[in-house]
S.K.: 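Before anything else, here's the structure in question.
Note that ligands are numbered from 1 as they come in the structure, with each ligand's atoms numbered from 1 the same way.
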Amino acid sequence: MMSLNGFNGTSLSEKRKMMVDTQIVARGVKDPRVIKAMLEVPRHLFVPTEYIDQAYEDYPLPIGYGQTISQPYMVAVMTELLELDETHRVLEIGTGSGYQTAILATIAREVYTVERVPELSERAKRILEKLGFDNVKFKVGDGSLGWPEYSPYDRIVVTAAAPEIPEPLKDQLKDEGIIVIPIGGRYGQVLVKGIKKDSRIVTQELFPCAFVPLKGEYGF
Ligand code: SAM
């Protein structure tokens, strides 16, 4: 059985509380739903075992296949920007470890998550099922095409960097819906929030960021 103690004697739940206080709340995240979800979801279960002692640190970590679990603060900010509530159906592109999926699914009604690496999708599915989430649907494939079967979505979040907002994602977002996505080049981007108004996306550029590239038809 996995030890609940961190390597320096601080329990993992204490580390999680510290992460939320010093990295999330101290930097201005205010949405109580996001704060509660970040306090609840055991991030250490989503990182490879050799990184468990770093699960609550202030940086992304490798999860294999050249991919990363995003920095906790980035997960919190992106989720807060979505202005999520319990009525929303969310499309997530880039399941990765499944950690952000769990945060989204703690708050929203349903989460549809697409990942191109089958092994990552399967691992994330196993962990979420073990944790008791029954409101998440997983798909393996090119998420730059979205997931048309269940569209339109109230919210869309893309956790990999794209050259621009993929057209299929614009189409699959509800009117008045929100999309959050890193836009830019392969090695540096700006986090963008878009709101769909009268079938057009009105965007706002927020701050610089660095994500792994979104591959696929509408990616790199
Ligand atoms: N939020 C995730 C987490 O907390 O673990 C981090 C996701 S990681 C930064 C980005 C993910 O996007 C990677 O797992 C990568 O394989 C995936 N990805 C890249 N291009 C994709 C595509 N076209 N469709 C689906 N997933 C894609």
Side-chain angles (χ1 to χ4, degrees), residues 16 19 23-24 34 37-38 40-48 51-52 54-82 84 90-108 111-128 131 133 136-148 153 155-169 172 179-184 186-189 191 209-220:
R16 189 156 62 248
M19 170 193 86
Q23 301 170 34
I24 311 295
V34 176
M38 302 280 302
E40 279 175 13
V41 175
R43 181 173 162 94
H44 59 277
L45 298 184
F46 294 85
V47 305
Y51 292 112
I52 282 185
Q54 296 175 61
Y56 296 101
E57 298 297 330
D58 194 12
Y59 42 76
L61 289 167
I63 53 171
Y65 310 93
Q67 306 304 326
T68 53
I69 175 172
S70 306
Q71 178 197 24
Y73 174 67
M74 189 57 78
V75 172
V77 166
M78 290 178 92
T79 309
E80 182 171 60
L81 288 168
L82 289 171
L84 268 191
V90 184
L91 174 66
E92 178 192 40
I93 307 303
T95 313
S97 69
Y99 173 66
Q100 182 148 15
T101 319
I103 297 290
L104 299 168
T106 300
I107 304 171
V111 179
Y112 298 81
T113 184
V114 186
E115 170 58 54
R116 57 182 286 280
V117 180
E119 292 85 350
L120 289 177
S121 179
E122 279 149 27
R123 192 163 73 196
K125 187 168 190 272
R126 267 202 312 276
I127 300 171
L128 276 130
L131 288 172
F133 287 93
V136 182
K137 282 194 169 27
F138 295 83
K139 177 178 173 165
V140 174
D142 178 4
S144 78
L145 301 169
W147 193 346
Y153 302 95
R155 303 289 188 259
I156 299 180
V157 59
V158 183
T159 67
E164 53 190 72
I165 303 179
E167 284 301 324
L169 300 187
Q172 291 169 33
I179 182 168
V180 173
I181 177 170
I183 298 286
R186 265 177 182 277
Y187 302 107
Q189 309 93 31
L191 193 67
C209 55
F211 279 80
V212 295
L214 181 76
K215 308 257 175 79
E217 200 170 321
Y218 291 85
F220 287 102

S.K.: Knowing that exactly one of L61, T101, L131 qualifies, which makes a side chain to side chain contact (heavy atoms under 4.5 Å, CB included) with F46?
M.R.: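 Among L61, T101, L131, the one that satisfies the side chain to side chain contact (heavy atoms under 4.5 Å, CB included) with F46 is L131.
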S.K.: Is the side chain of T113 donor-acceptor paired with the backbone N or O of L91 at a distance under 3.5 Å, no angle test?
M.R.: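 Pair absent, no side-chain N/O of T113 close to backbone of L91.
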S.K.: Any side-chain to backbone donor/acceptor pair from E115 onto T95? Under 3.5 Å, distance only.
M.R.: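 At least one qualifying donor-acceptor pair exists.
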S.K.: Side chain to side chain donor-acceptor pair (under 3.5 Å): which pairs involve residues 210-220, sequence neighbours left out?
M.R.: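 Sorted pair list comes back empty.
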S.K.: Looking at E80 and V34, would you say the former's side chain and the latter's main chain have a donor-acceptor pair under 3.5 Å?
M.R.: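 Here the side-chain-to-backbone pair does not exist.
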S.K.: Please report the closest heavy-atom contact between I127 and L45, naming both atoms and the distance.
M.R.: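 Smallest interatomic distance, heavy atoms only, reads CD1-O, 3.4 Å.
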S.K.: Does ligand 1 have any N/O pairs with the protein under 3.5 Å, and how far apart?
M.R.:
| from | atom 1 | to | atom 2 | distance (Å) |
| --- | --- | --- | --- | --- |
| ligand 1 | 5 (O) | S97 | N | 2.9 |
| ligand 1 | 5 (O) | S97 | OG | 2.6 |
| ligand 1 | 14 (O) | E115 | OE1 | 2.7 |
| ligand 1 | 14 (O) | E115 | OE2 | 3.4 |
| ligand 1 | 16 (O) | E115 | OE2 | 2.6 |
| ligand 1 | 20 (N) | K215 | N | 3.0 |
| ligand 1 | 23 (N) | D142 | OD1 | 3.0 |
| ligand 1 | 23 (N) | K215 | O | 2.6 |
| ligand 1 | 24 (N) | G141 | O | 3.4 |
| ligand 1 | 24 (N) | G143 | N | 2.7 |
| ligand 1 | 26 (N) | R116 | N | 3.3 |

